[in-house]
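These notes concern the structure reproduced below.
Side-chain atoms are counted along with the backbone in the values below, which use heavy atoms only and exclude waters and symmetry mates.
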Amino acid sequence: MTGRFAPSPTGELHVGNLRTALAAWASCVARSEDFLVRMEDLDRVTSSPEWSSIQLQSLAAIGITWTGEPVVQSERFALYNDAIAQLHAQNLVYECFCTRREIAEAAAAPHGGPVLYPGICADLTDVERAAKRQERTGALRVRSGGGTETFIDRVHGEITAPVDDVVLRRNDGVPAYNVAVVVDDAVQGITEVVRGADLLQITASQMRLQKLLGLSAVQYAHVPLVVNTDGDRLAKRDQGITLPQLAAMGMSASEVRNVLWATLGQDGREVHEFSWDAVSREPWVSPWSNGKS
Ligand code: GLU
């Protein structure tokens with residue numbers, strides 16, 4: 001078994017990210033497994049090698065170690081394009097010309113659930129498709145078959161979520177996150193995926209992609225998000241969300257690490273004693289942030 005932490009190198013890791021990384025790493029240490037880091041830099045506008053090395057420094061500063069050089073997604077487009085071609089060969093890909101706005105207008109999101117693609121472009125005729133191509137370049141979506149997938153999350157227990165026709169390739173030609181993550185986890189031999197709880201619902205769509213591509217299933221653990229004292233997701237205006245900010249407030253990286261460890265329910269445990277059973281499924285209120293400051 002192998003675990004990983006897969007940040008997007010678009011800025012400093014905040015304490016919520018570091019807490020998730022700490023859990024991902026300790027879970028591997030506890031099972032004497034390899035722990036890998038992968039840089040999810042598909043978005044070339046917001047990602048940079050500089051942020052990547054700053055993020056690795058933050059991980060190292062709180063005592064996290066990893067095996068080998070981090071894999072970098074922007075160097076692996078061929079792998080993702082092969083997977084898209086494999087789906088295409090099974091007639092499981094269609095072009096989608098919708099804008100975000102068109103999707104939002106057409107998609108009813110019942111009870112605040114996730115917005116699913118409402119299938120506008122799923123069954124275009126050749127003539128309709130040719131006409132739309134004149135207007136704009138299409139993205140590619142998977143013909144997922146819809147329905148739901150169910151899995152047992154190590155933190156949240158049994159989860160059933162709807163499957164979406166997620167984008168496989170964006171209309172700028174870049175492979176999309178949902179393909180890259182599924183392909184990389186399989187190619188890297190990942191068996192435990194640990195990440196933020198914001199990705200709990202999309203997991204169902206990723207599981208469907210795994211099945212359609214004939215890839216093995218993995219175990220999931222979605223670590224609850226960090227919120228500020230107002231109960232909101234951390235934003236730039238919150239104080240003390242990154243290691244440099246906490247250092248400026250007089251807090252060393254190892255002190256931060258100890259607080260994060262305790263908030264994962266692991267106080268008094270060594271790293272190799274890490275247990276998912278002790279991790280709360282409630283959002284974590286960061287002691288350092290204050291939404292009003
Ligand atoms: N790169 C994603 C993020 O930073 C995480 C994806 C994953 O772990 O599957 O939110």
Side-chain angles (χ1 to χ4, degrees), residues 1-10 17 20-21 23-25 27-29 31-44 47-49 51-53 55-56 59 64-90 92-93 139-144 149 151-154 163-170 172-196 198-200 202-223:
M1 300 244 295
T2 310
R4 52 53 157 199
F5 180 62
S8 303
T10 58
N17 306 135
T20 300
W25 168 71
S27 177
C28 289
V29 173
R31 294 190 307 265
S32 306
E33 293 163 11
D34 279 347
F35 174 69
L36 309 181
V37 175
R38 181 171 73 231
M39 284 296 160
E40 301 207 325
D41 63 343
L42 289 175
D43 190 330
R44 307 302 292 146
S47 305
S48 77
W51 283 126
S52 169
S53 70
Q55 291 190 345
L56 293 174
L59 295 177
I64 292 176
T65 53
W66 53 92
T67 305
E69 282 297 308
V71 154
V72 178
Q73 285 191 327
S74 59
E75 297 169 358
R76 294 157 73 86
F77 279 20
L79 271 176
Y80 315 140
N81 285 330
D82 282 352
I84 296 169
Q86 194 183 322
L87 294 170
H88 209 271
Q90 299 174 71
L92 293 172
V93 175
L140 298 181
R141 286 185 184 271
V142 64
R143 201 176 292 282
S144 67
E149 292 284 348
F151 60 99
I152 309 290
D153 187 87
R154 292 206 202 276
V163 174
D164 196 10
D165 282 5
V166 290
V167 170
L168 302 170
R169 186 184 294 151
R170 306 179 343 188
D172 61 2
V174 175
Y177 156 69
N178 285 305
V179 175
V181 72
V182 162
V183 169
D184 276 338
D185 285 338
V187 171
Q188 293 188 277
I190 302 296
T191 48
E192 185 184 67
V193 165
V194 179
R195 56 192 182 187
D198 51 331
L199 296 168
L200 196 55
I202 200 68
T203 299
S205 302
Q206 295 179 4
M207 289 173 69
R208 181 66 55 82
L209 278 182
Q210 283 165 347
K211 288 182 182 172
L212 297 176
L213 288 165
L215 305 173
S216 306
V218 299
Q219 294 283 326
Y220 294 97
H222 287 87
V223 179

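Residues L199 and H222 share a closest heavy-atom pair of O-NE2, 3.5 Å. Between E33 and T2, the shortest heavy-atom distance links the atoms OE1-N, 3.7 Å. The two residues A21 and L59 have their closest heavy-atom pair at CB-CD2, 3.6 Å. Residues V167 and A176 come closest through the heavy atom pair O-CB, 3.2 Å. A180 and L42 make their closest contact through CB-CD1, 3.6 Å (heavy atoms, listed as atom of the first residue, atom of the second, distance).
Atom CD of Q90 is surrounded by more than 12 heavy atoms from other residues, nucleotides or ligands within 6.0 Å.
Inter-residue side-chain proximity for W25 and V194 is flagged as unmet; no heavy-atom pair is nearer than 4.5 Å. Taking 4.5 Å as the limit, every side-chain heavy atom of I64 sits out of range of all side-chain heavy atoms of F5. Inter-residue side-chain proximity for M39 and P7 is flagged as met; some heavy-atom pair is nearer than 4.5 Å. Put simply, the side chain of D185 reaches to within 4.5 Å of the side chain of R38, judged on heavy atoms. Side chains of F77 and V174 form a contact here, defined as non-hydrogen atoms less than 4.5 Å apart. Counting heavy atoms from C-beta outward, L79 and D184 have side chains that approach closer than 4.5 Å. Taking 4.5 Å as the limit, every side-chain heavy atom of V29 sits out of range of all side-chain heavy atoms of T65. Contact annotation: the side chain of V181 approaches that of R195 to within less than 4.5 Å [non-hydrogen atoms, C-beta and beyond].
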Can you check side chain to side chain contact (heavy atoms under 4.5 Å, CB included) on L56 and W66, steps first, answer last? CA-CA 10 Å; L56 293 174; W66 53 92; 3.7 Å; yes
Run the side chain to side chain contact (heavy atoms under 4.5 Å, CB included) check on L209 and L168 step by step: do they pass? CA-CA 10 Å; L209 278 182; L168 302 170; 3.9 Å; yes
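Between the CD1 atom in I190 and the SG atom in C28 there is a gap of 8.0 Å [rounded to 0.5 Å]. To the nearest 0.5 Å, the span separating NE2 on H88 from CZ on R143 amounts to 10.0 Å. Annotation: the span from M207 atom CE to S144 atom OG amounts to 13.5 Å, rounded to 0.5 Å. Here the CG atom belonging to D165 is positioned 9.5 Å from the CZ atom belonging to R208, to the nearest 0.5 angstrom. The CD atom of E149 sits 11.0 Å away from atom OG1 of T203, with the distance rounded to the nearest 0.5 Å. A distance of 13.0 Å separates CZ of R76 from CG of N81, quoted to the nearest 0.5 Å.
Between the side chains of Q219 and E192, no donor-acceptor pair of N or O atoms lies under 3.5 Å. Side-chain contact annotation: D43 with Y177, donor-acceptor N/O pair under 3.5 Å absent. With 3.5 Å as the limit, one finds a donor-acceptor pair spanning the side chains of Q206 and N178.
Side-chain atoms of D41 come within 3.5 Å of backbone atoms of S74 as a donor-acceptor pair (strictly under, hydrogens ignored). Side chain of R169 to backbone of L140: no donor-acceptor contact under 3.5 angstrom is found. Between the side chain of S27 and the main chain of A24, no donor-acceptor pair closer than 3.5 Å is present.
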